[in-house]
Every structure is written in structure tokens, then in C-alpha cells.
Amino acid sequence: MRMLVTGGAGFIGSNFVRRTVKTRPEYEITVLDKLTYAGNRANLAGLDVPLVVGDIADAALVDGLVAEADIVVHFAAESHNDNSLEDPWPFMHTNLIGTYTLLEAVRRHGTRFHHVSTDEVFGDLALDDPARFNEHTAYNPSSPYSATKAGSDHLVRAWIRSFGIEATSSNCSNNYGPYQHIEKFIPRQITNILSGLPAKLYGTGEQVRDWIHVDDHNDAIHLILDRGKTGETYIIGADNDHVNNKQVIELICELMGLGKDAYEHVADRPGHDMRYAMDSTKLRTELGWRPRFTDNDTGMRRGLEETIAWYRENESWWRPQKEQVEADYARKGH
Ligand code: NAD
Ligand code: TDX
């Protein structure tokens with residue numbers, strides 16, 4: 001089975017490739033990745049997987065690669081909300097034009113396609129709203145990032161209905177784990193503390209993200225590839241929608257041997273989504289998926305301990321970017 005993985009040098013994509021190589025030798029993987037600031041060749045170090053450096057919006061390149069594949073798993077995206085508030089264009093280009101380009105190629109070649117998307121397409125919930133997002137929730141994105149991901153989801157559905165492409169989609173909540181870019185919340189705090197800087201909480205930190213370990217997300221994608229129904233969408237979430245950012249930052253401080261309050265409040269994100277919560281009943285009942293990274297307090301203790309250990313042991317991976325990332329955040333008041 002020849003598998004093309006777009007965005008396979010980014011955080012979730014490279015964890016997916018690493019896990020697939022280890023556990024699913026029947027797949028022969030090729031990665032297509034532009035190596036933007038978020039992509040890193042080192043994420044695939046030690047793996048015998050060809051990396052094609054290029055843009056998913058390059059129709060000729062994509063056509064040739066899709067022609068050679070039996071299945072495409074599409075992770076490539078511009079993925080950071082804060083960046084989308086500064087300059088939305090790369091999000092339009094990659095998330096919309098790039099996804100369109102892939103869809104046209106899989107349409108021409110009759111290739112199986114899986115589209116990786118996010119909970120953010122549904123907008124947010126009020127803190128006191130007990131509802132959870134499911135496969136029927138109406139789309140209501142807040143930021144240029146989530147609007148372009150929402151657009152890409154609509155393109156996939158339209159290509160399924162109008163052209164009969166063989167595709168599935170998944171919408172997952174916030175991931176954490178090794179190889180996550182240090183611009184993102186959890187690795188930013190871990191690497192701040194490892195650098196002797198305070199952890200930085202946006203606003204009051206009452207926002208809730210339904211955190212999931214990246215391996216649990218990627219296992220769900222494999223189940224969907226194995227047993228998912230073509231044309232369907234699956235919600236992926238690990239039931240951590242009771243934990244807010246303040247609790248996560250306090251847990252990181254505690255696990256790293258500091259007082260629980262060893263962080264500072266910084267400027268809030270404009271239009272900050274309050275609460276995400278995922279109802280993954282369909283994935284659990286139809287495909288039998290269960291997250292492995294769970295525990296009975298925050299649901300994240302073991303996963304965070306392993307993630308902190310990974311950043312401690314892999315300082316050479318993140319250190320070269322740290323100063324620039326923090327300088328960019330300082331400029332934005334975060
Ligand atoms: P990331 O930013 O770490 O990685 C994205 C990768 O895509 C990078 O390697 C980058 O170089 C590559 N890329 C960007 N533009 C490209 C282009 N035009 N052509 C080819 N490659 C390009 O992102 P991530 O956190 O790994 O997210 C992967 C996917 O999962 C995205 O589609 C994202 O929307 C989705 N998602 C992420 C999360 C999360 O919490 N991180 C949660 C749910 C869904
Ligand atoms: O330093 C910080 N302090 C802070 O309090 C940063 C970087 C973030 N935050 C807050 C903002 C959010 O409420 O933490 C929360 C998580 O922030 P991000 O890591 O930027 O993630 P988020 O905006 O929630 O989006 C993530 O989850 C959904 C991914 O980046 C997306 O790609 C995914 O689709």
C-alpha cells in the first residue's frame with residue numbers, strides 16, 4: 001500500500017509517519033512537505049521515508065505524487081491561530097488552495113483520501129455550556145485559521161458528493177506530545193521553564209481545550225483508514241473538556257518542580273475561543289476507538305510527563321528556534 005502523507009514533517013504528521021513505520025509495515029510512505037517554519041527534516045530523522053520538499057498547491061508536483069499513491073493522508077496546513085491573525089494569506093493558500101489541489105488530483109486518479117481537520121471549525125462554546133461538538137454541529141469558525149480549515153472541510157464534502165471521491169475526514173481537538181512546534185501552548189511553557197523564563201498564560205486562562213495525546217489522534221486516523229466508511233466524518237476527542245488553560249499551566253509547573261503559580265499572565269488573544277469539547281461517540285461505538293493516554297485527574301498527567309521528558313532530552317531540536325519565537329511573541333504582547 002503506497003501512502004502519500006502531506007505535512008509529514010510537521011508535528012502530528014511526523015508522529016503519524018513514525019508510528020506507521022513502527023506498527024504498520026504494509027505501508028510504503030512518501031512525505032510531501034514544504035518545510036515551512038513549522039516543518040522540520042529532523043522530525044523524520046532515522047526513518048527510511050522519502051521526503052519530497054514541495055507545496056501541496058503545486059498542481060504538477062501533486063499530480064505526479066498522487067498518481068503513484070494508493071492513499072493520501074492530508075495533514076499539511078498552516079496551523080497556528082496567532083499567526084493567522086497577523087497574516088491570513090498563507091492560510092488561504094495552503095489550507096484552501098492546497099486542499100483543492102489535492103482533491104483535484106485524487107479525483108483524477110481515483111485515490112483514497114483522508115482529510116485531517118480540527119474542532120475549531122465549530123467555533124466555541126460558552127464556559128457554562130455543557131454541549132459538545134459532534135458530526136452534526138453547524139460550522140461557525142472564529143479565526144482565519146479555523147475559517148480556512150472549515151473551508152477545506154466543505155471542499156472535501158463537496159468533492160465526495162459531486163464527484164464521488166473516496167474520502168473520509170476527521171476533526172480532532174488540541175493535540176500535545178513530542179515534536180510539537182514551540183509556538184504552541186504546551187511546548188512553549190515547557191521550553192520557557194527549561195530556559196529559566198516564566199510560563200505565559202493568555203488572559204485569565206479559563207479557556208478550555210479538549211487535550212488529546214498525538215498518538216491517540218493518530219491511532220484514530222489509522223482506525224478510520226482501516227474501517228471507516230467512505231464519505232463519513234469522525235470526531236476525535238479524549239474527554240478532557242473539563243481542564244482549563246490555567247490548570248494545564250499549573251500542572252506543567254508542578255511536574256517541572258516549580259510552584260503551581262510560577263507563571264505570568266500576558267495579553268489575551270483577540271477573539272479567543274472559550275471552550276472546545278468533543279463528542280467522539282461515533283468513533284468509539286462504530287470503530288471501537290479508545291484513547292490510551294487517560295488518567296483520573298486531568299487526563300493528561302502521564303502524557304505531559306512524557307512530553308516534558310522529551311523536550312528535556314531534545315533541547316538541540318528546539319533551542320535554535322526559541323529566541324525568535326519568544327521575540328515574535330513579545331512583539332505581539334504575549
Ligand atoms: P504543523 O504546523 O506542526 O505542521 C504542518 C506541516 O505542514 C509542516 O510540516 C509544514 O511544513 C507543512 N506545510 C505547510 N504548508 C504546506 C504546503 N503549502 N505544502 C506542503 N506542506 C506544507 O501542524 P500540526 O499541528 O501537525 O497539524 C497537522 C494537521 O492537523 C493540520 O491540518 C491541523 O489543522 C490539524 N489539527 C491540528 C491539531 C493540533 O492540535 N495541532 C488539532 C486538530 C487538527
Ligand atoms: O503562550 C500561550 N499561552 C496561552 O495561554 C499560548 C501559545 C497559548 N495559550 C492559550 C491559547 C489557547 O486557549 O492556550 C490555548 C492553546 O493555544 P494553542 O496551542 O495556540 O492552540 P489553539 O489555538 O487552541 O489551536 C490548536 O488546537 C486546534 C492548534 O494550534 C490548532 O492547529 C488545532 O486546530
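Everything numeric in this text was worked out from a predicted model, so none of it was measured. Because only heavy atoms are used, hydrogens play no part in the values below, and waters and symmetry mates are left out as well, while side chains stay in. Atoms within each ligand, like the ligands themselves, are counted from 1 in listed order.
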Inset, instruction - Check whether any heavy atom of Gln189 sits under 4.0 Å from an atom of ligand 2. - result: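 Heavy atoms of Gln189 do come under 4.0 Å of ligand 2.
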Legend entry - Polar proximity ligand 1 side, Leu32 side, N/O cut 3.5 Å exclusive: no
Inset, instruction - State the atoms of ligand 2, each with its element, that fall below the 4.0 Å cut-off from a heavy-atom position in Thr118. - result: 28 (C), 33 (C), 34 (O)
Inset, instruction - Please state whether the rings of Phe16 and Phe75 are parallel, tilted or perpendicular, taking 30° and 60° as the class boundaries. - result: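 Because their plane-to-plane angle lies in the 30° to 60° range, the rings of Phe16 and Phe75 count as tilted.
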Inset, instruction - Report the part of Lys184 (side chain from C-beta onward, or backbone N, CA, C, O) that has a heavy atom under 4.0 Å from ligand 2; answer both or neither where that applies. - result: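 Both of them.
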Legend entry - Contact with ligand 1 for Tyr179, non-hydrogen, under 4.0 angstrom: no
Legend entry - Nearest neighbour in protein (non-hydrogen) for atom 32 (O) of ligand 1: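 The closest heavy atom on the protein side is Lys149 NZ, 2.6 Å.
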Legend entry - Asn40, any N or O under 3.5 Å of ligand 1 N or O: no
Inset, instruction - Just let me know how His80 lines up against ligand 2, side chain, backbone, both or neither, with a heavy-atom cut-off below 4.0 Å. - result: side chain
Inset, instruction - Take every heavy atom of Arg209, measure it against each atom of ligand 2, and state whether any distance is under 4.0 Å. - result: yes
Inset, instruction - Over 60° means perpendicular and under 30° means parallel, so classify the ring planes of His154 and Tyr139, tilted if in between. - result: tilted
Inset, instruction - Looking only at protein heavy atoms, identify the closest one to atom 20 (O) of ligand 2 and say how far it is in Å. - result: Arg269 NH2, 2.9 Å
Legend entry - Region of Thr6 engaging ligand 1 - heavy atom pairs below 4.0 Å: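 Within the 4.0 Å criterion, Thr6 makes no contact with ligand 1.
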Legend entry - Partner of Leu44 under side chain to side chain contact (heavy atoms under 4.5 Å, CB included), chosen from Asn40, Asp48, Leu47: Leu47
Legend entry - Identity and distance of the protein heavy atom lying nearest atom 40 (O) of ligand 1: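 Here the closest protein heavy atom is Asn175 N, 2.8 Å.
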Inset, instruction - Pick, from Tyr176, Tyr276, Phe185, the option with the minimum heavy-atom distance to atom 14 (O) of ligand 2. - result: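 Ranked by closest heavy atom to atom 14 (O) of ligand 2, first place is Phe185.
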Inset, instruction - Taking only Lys NZ, Arg NE, NH1 and NH2, and the carboxylate oxygens of Asp or Glu, determine whether Arg19 and Asp219 approach each other closer than 4.0 Å. - result: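 A salt bridge is present here (some side-chain N lies under 4.0 Å from a carboxylate O).
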Legend entry - Distance-only N or O hit between ligand 1 and His74, under 3.5 Å: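 No, since none of the N or O atoms of His74 sits under 3.5 Å from an N or O of ligand 1.
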Inset, instruction - For atom 34 (O) of ligand 2, find the nearest protein heavy atom and state the residue, atom name and distance (0.1 Å precision). - result: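 Ranking protein heavy atoms by distance from atom 34 (O) of ligand 2, first comes Tyr145 OH, 2.5 Å.
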